[in-house]
Amino acid sequence: MLAFIARRLLQSVIVMLVVAFIAFLVFRYVGDPLANLLSQDATMADYEQARERLGLNQPFYIQFFNFVINALQGQFGVSYRLQQPVSQLILERLPATIELAVASSIIALVFGVMLGIYTALRQRAFSTGVIMTLSLIGVSLPTFLIGIGLIYVFAVELKWLPSFGRGDVVQIGWWRTGLLTQSGLRSLILPAITLSLFQLTLIMRLVRAEMLEVMRTDYIRFAKARGLSKRAINFGHALKNTMVPVITITGLQLGSVIAFAIITETVFQWPGVGSLFVNSVAAVDVPVMAAYLVFVALVFVIINLVVDILYFIVDPRLRDGARSGR
Amino acid sequence: MTDLPHSPEQPVPAAKASRWKTFIRSDIVWSYRRSPVTITASIVALLLVFMAIFAPWIAPYNPFNPATLNLMDGFTPPNSNSMGGRYFVLGTDSQGRDVLSTIMHGSRVSLFVGAMATLFAMVMGVGLGLVAGYVGGIWDAVIMRVCDVQLSFPAILIALLIFGVARGIIPPNQQEGAAIWVLIIAIGLANWAQFARTVRGATMVERQKDYVAAARILGVNPFIILLRHVLPNVVGPVLVIGTIGLALAIIEEATLSYLGVGVPPTQPSLGTLIRIGQQFLFSGEWWILLFPAITLVLLALSVNLLGDWLRDALNPKLR
């Protein structure tokens, strides 16, 4: 058990080091860091001094080592575009992205599971056909068009919901939340739906496939023979056994959701990390790009690690496999 | 060993006319004619491709020639005459550019970037996949590890990063000309892993077969074995992934351009047009947004449906 966790931890550290190395290369060699820090009429002496001060004249591996040490302390330098520390920028905007990602995951989970059960139980119904077709079209539509469509219907035509921004926010410690005000909640609805649709169809199809599989097994036939109520069979016995893969996929998708939030945040001008990243790419703001790369990789690595360890705890077969040396 | 047995499925070389007949009677044509959705999709796709390729000659106006633009024509609604007295089927945008013509030129850019990026991804992915599957060992391990890492990140994120890095490396005065190629490489690099993984799997199966062993014993150059003998046998799935990949690449290009980091504004693609059109959503000029959006959806959807059909037609086991 310990050996397994240690091995996975080591792998994660290696992945993070590789990502940090790429981020360092980007940070160090894309554009000239000095040209962005010094003014137009800086002399050669100024350059030398700055190079000395920033440690840019040290050997390559020492620079990389310093980069990793700084990254571990959450320091990625100063944004060229906004002239603020990168870590501060990301921390300021992180709550917006996390609230959006969590809200959309909840929407996707609730509606995805409900629709999945419905379409599995009413396999031949007309409404099932409609839902399945809609889900196919939904997957092939680009995310930003879905967002624009929602804006057009609910903000322009019906005027029910705001089309951009986060609404009023409340500051709790360093966490700035939009969940406590009415306008904040109303602003969250459209972006969260847009972001959830892709995941929703994925979960729906997964639940449907798993349900159809489980409904064919002997223990369900047995439950029917025992005369249990439909409700007890469908929800008490069948659904329970479909939930493990669903939760895994939702967990693993959380990282993709944070990345997909880039598009949604741009459509709705949501002040999160994703829109910060897009603006940084457009302005070649290298420190922010490097920091975002490390940040997203960290999210992915942590999620994968947690899921792997949870699997290991839940599934005894994996443990036996590990013991026999695979 | 000199007399290798002929496999019974091998079609006997025949005259041209009967080869055409064989094609008409083949499973693939049969499944095509049986599927009205596929027929519609292919007609739509062909029309859009035709429209894109011949845009400079068949578009009613040249939207990028400032001499023919007239601000008096601006914001003309669809199917009406402008204040300048000219007729526009799909209306005009804020600068008096004909929406139909910008769409034709825009799909040209979108299709070009999508097709080139897919081609790039295909060549790179198939090449690395063949090497990984055939050579094995450390090459296989390294290539597949990179594939795994890349596949766990969304393609759009990778394309954005590559694009940002390239923007930092290329000097500013060359950026506008290079933007399309940077975009192609970024999208291509973000999509090669699918090809590599599939081709590697198929190659590992082929490598075990007798014909490869025979070629090896005859002392054929490994490159020739891979390209002439193994590649034709793994090309089916590559076609399927390529078609679906084309739809993905078109959507990725549109997304990047929509985010404002894609093609330069002087060469708007469908994504750029949608980005521009969104500015007029609230003031009621819906046609500037709607028609490019419909074109993009039709393009992506029809190519996607063709890819789905191809997958089912080439692999009857899936049905």
Side-chain angles (χ1 to χ4, degrees), chain A residues 14-15 18-19 22-23 25-27 29-32 136-137 139-145 147-149 151-152 155-157 163-164 198 252-253 255-263 265-267 274-275 277-286 288-290 292-293 296-297 300-301 303-304, chain B residues 145-146 148-149 152-172 175 186 244 247-248 250-262 270-271 274-275 277-278 281-284 286 289-290 292-294 296-297 299-305 307-308:
Chain A
I14 291 173
V15 170
V18 171
V19 172
I22 296 172
L25 287 181
V26 170
F27 181 75
Y29 293 106
V30 173
D32 184 1
L136 251 191
I137 295 175
V139 167
S140 45
L141 278 183
T143 317
F144 67 96
L145 274 188
I148 295 175
I151 289 182
Y152 183 70
V156 179
E157 287 295 316
S163 65
F164 66 90
F198 184 77
L252 285 177
Q253 285 286 313
S256 317
V257 168
I258 286 182
F260 264 117
I262 294 172
I263 303 164
E265 285 178 9
T266 310
V267 177
S275 58
F277 177 61
V278 168
N279 293 334
S280 307
V281 168
V284 200
D285 191 346
V286 178
V288 180
M289 280 162 57
Y292 185 82
L293 178 61
V296 169
F300 272 88
V301 164
I303 289 173
N304 276 306
Chain B
R145 211 45 60 221
V146 177
D148 286 347
V149 171
S152 63
F153 287 94
I156 198 79
L157 182 67
I158 295 168
L160 260 173
L161 266 175
I162 297 170
F163 189 84
V165 169
R167 280 276 292 271
I169 294 172
I170 297 169
Q175 252 168 27
I244 295 174
L248 278 179
I250 289 172
I251 287 182
E252 276 159 22
E253 186 279 324
T255 306
L256 288 175
S257 296
Y258 173 80
L259 294 176
V261 293
L270 290 174
I274 293 168
R275 176 185 171 85
Q278 199 192 355
L281 194 56
F282 281 90
S283 47
W286 48 270
L289 170 69
L290 184 68
I294 289 178
L296 176 64
V297 170
L299 192 59
L301 199 61
S302 59
V303 175
N304 223 335
L305 286 171
D308 276 352

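Note that this is a predicted model, so its numbers are computed, not measured. Here is how names work: the chains are called A, B, and so on, in the same order as the sequence lines, proteins then strands, and each is numbered from 1.
- Contact of Leu290(B) with chain A is not made at all, since no heavy-atom distance falls under 4.5 Å.
- In this structure, the side-chain contact (heavy atoms from CB on, under 4.5 Å) partners of Val297(B), at least two apart in sequence or on a different chain, are Leu141(A), Leu145(A).
- Take Tyr152(A) and apply the ring-ring contact (aromatic ring centres under 6.0 Å, His included) test, not counting sequence neighbours, and it matches no residue.
- Rounding to the nearest 0.5 Å gives a distance of 10.0 Å between CG of Leu157(B) and CD1 of Ile162(B).
- Residue Val18(A) does not touch chain B at all, counting heavy-atom pairs closer than 4.5 Å.
- When the candidates Ile274(B), Asn304(B), Ile156(B), Leu301(B) are compared by the number of heavy-atom contacts under 4.5 Å with chain A, Ile274(B) comes out ahead.
- With contacts defined as side-chain heavy-atom distances shorter than 4.5 Å, the pair Val267(A)/Gln278(B) qualifies.
- Using a 4.5 Å cut-off between heavy atoms, Val165(B) touches chain A through backbone and side chain atoms alike.
- With respect to chain B, the highest number of heavy-atom pairs below 4.5 Å among Val278(A), Leu25(A), Asn304(A), Thr143(A) belongs to Val278(A).
- Proximity to chain A (any heavy atom under 4.5 Å) is shown, for Leu305(B), by neither the backbone nor the side chain.
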For this session: Give the intermediate values and the outcome of side-chain contact (heavy atoms from CB on, under 4.5 Å) for residues Phe144(A) and Thr266(A).
Result: CA-CA 9 Å; Phe144(A) 67 96; Thr266(A) 310; over 6 Å; no
